[in-house]
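First, the structure itself, so that you have it in front of you.
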2 protein chains.
Amino acid sequence: MSLSTDRDKLPAADTPTLYKQIRLDIERRILTGEWPPGHRIPFEHQLMTRYGCSRMTVSKALSELAQADLIERRRRAGTFVRRPKFLSAVLTIPDIRAEITALGRSYGYQLIRCSRRAANAADRARLGVRKTGKVIAISCRHSADGVPFAIEDRLIDLDAVPEAARADFAIEPPGTWLLHHVPWTEAEHSISAIVADEETATALDIAIGAPCLVIDRHTWRSARTLTAVRLVYPGESHKLVARFKGG
Amino acid sequence: MSLSTDRDKLPAADTPTLYKQIRLDIERRILTGEWPPGHRIPFEHQLMTRYGCSRMTVSKALSELAQADLIERRRRAGTFVRRPKFLSAVLTIPDIRAEITALGRSYGYQLIRCSRRAANAADRARLGVRKTGKVIAISCRHSADGVPFAIEDRLIDLDAVPEAARADFAIEPPGTWLLHHVPWTEAEHSISAIVADEETATALDIAIGAPCLVIDRHTWRSARTLTAVRLVYPGESHKLVARFKGG
DNA sequence: CACGGGAATATGTATAGACATATTGATACC
DNA sequence: GGTATCAATATGTCTATACATATTCCCGTG
């Protein structure tokens with residue numbers, strides 16, 4: 001193997017910064033399968049002579065790849081290509097208003113019910129909290145170009161999100177308001193399919209017995225429940241795009 | 001404001017490395033809402049006096065937060081807390097075998113049909129490719145503790161994944177084999193709900209007209225189609241957990 | 001007031017060197 | 001053979017410094 005220290009082994013292209021070129025070069029080898037999962041990536045010292053730069057520079061490239069979970073670094077042992085994440089493919093579930101407007105369709109919103117009350121037993125169970133507190137319960141409907149798009153049924157824990165008391169959910173959908181005002185750390189989703197009962201069928205303007213897609217989402221901030229929501233979509237395809245992460 | 005340079009303003013805890021403490025400290029202020037979206041984070045020079053370290057160290061902490069999309073850095077302007085990702089919440093769809101075994105249930109697999117043929121028009125449309133080539137078409141069923149869990153209908157482009165010809169899909173499910181052997185760069189999902197027709201109802205051992213959850217997944221490597229798959233689950237809840245990313 | 005140009009400034013990249021720390025592998029001892 | 005020990009080694013963190021680069025801000029000119 002040549003040990004020349006010239007830099008022109010890199011794709012060059014429009015020459016971004018050096019560490020980025022290194023990162024992309026290694027990323028390419030991994031994604032094309034040239035360096036399969038488990039393969040040991042050359043030591044930092046070898047990479048610095050290969051790319052003709054300092055160790056800090058290759059280290060920065062490798063650190064970013066490690067943060068993106070493409071490689072794994074172990075002291076004394078070396079750096080290895082990670083097994084393609086065992087589980088996973090990643091989906092994003094957009095905010096409904098943003099999703100509809102991004103599609104270039106007109107967004108419509110109707111508040112069906114909104115009440116503020118002390119939490120009852122069913123509310124506490126749904127939020128997964130023990131103590132009694134105040135909640136806001138909201139039912140509403142989203143539409144695109146005048147056609148029903150989804151119905152939403154939401155519970156917000158007012159003890160965890162006191163500022164929600166000042167929001168006007170007759171104007172702004174609760175999901176959109178929350179996304180813009182309340183930071184969260186964890187979310188859990190449950191996706192399922194149901195057939196429409198009479199109330200659902202009426203709200204979505206579909207036939208009774210027609211299939212519907214349901215997303216139940218529970219959102220926390222540091223173990224504190226913020227909100228629980230159920231979204232019901234007519235069963236026609238609901239498309240979501242996911243890309244492999246990589247900075 | 002005090003300008004003391006002592007380091008004990010940090011949570012300390014079990015004292016990981018300094019840059020990590022800085023990262024966690026800033027992350028905490030963002031997630032608790034102390035520094036809301038749009039807030040300007042102190043300049044690097046202020047942070048180095050606050051934490052009593054060099055600029056490279058605070059820069060490393062900030063770079064990781066930027067890579068995780070928690071903050072945005074702009075030259076000359078400064079560093080700002082990002083608006084909570086406009087859309088989004090992230091879901092992971094695990095490999096079915098891994099999912100079932102992770103739940104501690106016994107995994108079962110039956111190959112229903114497997115054929116290798118030149119692609120016909122329907123195959124090309126489904127894979128989204130123009131040219132004719134060879135494909136593998138597979139139908140199979142996954143079960144957990146002997147109960148049908150999902151049925152899978154898959155098409156693999158043999159031109160893009162020639163090594164699939166040597167795999168034995170009577171033993172290993174195609175999704176699992178692909179995940180372990182074939183690197184991919186992009187995936188697109190389409191989630192929808194249907195009601196079971198007679199064939200589906202029989203395969204999943206449910207009633208005709210019962211709701212089913214459908215996931216259509218298309219996978220590419222650098223714009224090259226690898227495989228297209230449709231998974232049909234009985235409509236009872238299919239649970240997926242998502243965490244806020246953050247390295 | 002509009003506009004162009006240049007100075008100020010915050011981040012971005014890169015360096016060499018130093019020391020820390022985890023882990024491996026070999027060696028010596030029982 | 002089993003086990004404790006120690007040196008070798010690859011990554012991990014940190015510093016001080018230097019220069020690059022993108023923006024913003026201000027100022028002077030038309």
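Worth saying up front: this structure is predicted, and the values here are computed from it rather than measured. To find a chain, count down the sequence lines: A is the first, B the second, and so on, and within it residues start at 1.
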Report yes if a side-chain nitrogen or oxygen of S63(A) is closer than 4.0 Å to either non-bridging phosphate oxygen (OP1 or OP2) of dG12(D); otherwise report no.
-> no
Give a yes/no answer on whether the side chain of S59(B) brings an N or O atom under 4.0 Å of OP1 or OP2 in dG12(C).
-> no
Taking NZ, NE, NH1 and NH2 as the nitrogens, is one of them in D157(A) or K134(A) under 4.0 Å from a carboxylate oxygen of the other?
-> no
Give the intermediate values and the outcome of side chain to side chain contact (heavy atoms under 4.5 Å, CB included) for residues Y233(A) and I215(A).
-> CA-CA 8 Å; Y233(A) 300 82; I215(A) 299 180; 3.9 Å; yes
Using 4.0 Å as the upper bound for N to carboxylate O, is an ion pair formed by E44(B) and R73(B)?
-> yes
Of the listed nucleotides dA14(C), dT13(C), dC14(D), the one nearest the side chain of K20(A) = dT13(C)
Whole-Å distance, R55(A) CZ to dA20(C) P, equals 14 Å
Per Y19(A) side chain, nearest of listed nucleotides dT24(D), dT15(D), dA14(C) | dA14(C)
Select one nucleotide: of dT13(D), dT11(D), dA14(C), the one nearest the side-chain heavy atoms of F43(A).
-> dT11(D)
Under 4.0 Å between a side-chain N or O of T17(B) and OP1 or OP2 of dT13(D)?
-> yes
Here the distance between atom P of dG12(D) and atom CD of E64(A), to the nearest Å, is 14 Å
Value in whole Å for how far the P atom of dT17(D) lies from NE2 of H45(B) = 12 Å
By nearest-nucleotide position on DNA chain C, the 5'-leaning member of A77(B) and T57(A) is A77(B)
Residues K60(A) and E64(A) bridged, charged N to O under 4.0 Å | no
Would you mind reading off the distance between R74(A) atom CZ and dG12(D) atom P, rounded to a whole angstrom?
-> 11 Å
Distance, rounded to the nearest Å, where L24(B) contributes CG and dT13(D) contributes P | 12 Å
Side-chain N,O (R75(B)) to OP1/OP2 (dT9(C)) below 4.0 Å | no
Short side-chain to backbone donor-acceptor contact, Y109(A) and F169(A), under 3.5 Å = yes
Spacing of R23(B) atom CZ relative to dT13(D) atom C1', expressed in whole Å | 14 Å
N/O (side chain, T79(A)) to phosphate O (OP1/OP2, dT11(D)) under 4.0 Å = yes
Quiz item: R76(A) side-chain donor-acceptor pair to dA8(D) base, under 3.5 Å = yes
Does dC14(D) have OP1 or OP2 sitting under 4.0 Å from an N or O in the side chain of K60(B)?
-> no
Find the distance E44(A):CD to dG17(C):P and express it as a whole number of Å.
-> 16 Å
Interatomic distance where CE belongs to M56(B) and P belongs to dA16(D) [whole Å] = 12 Å
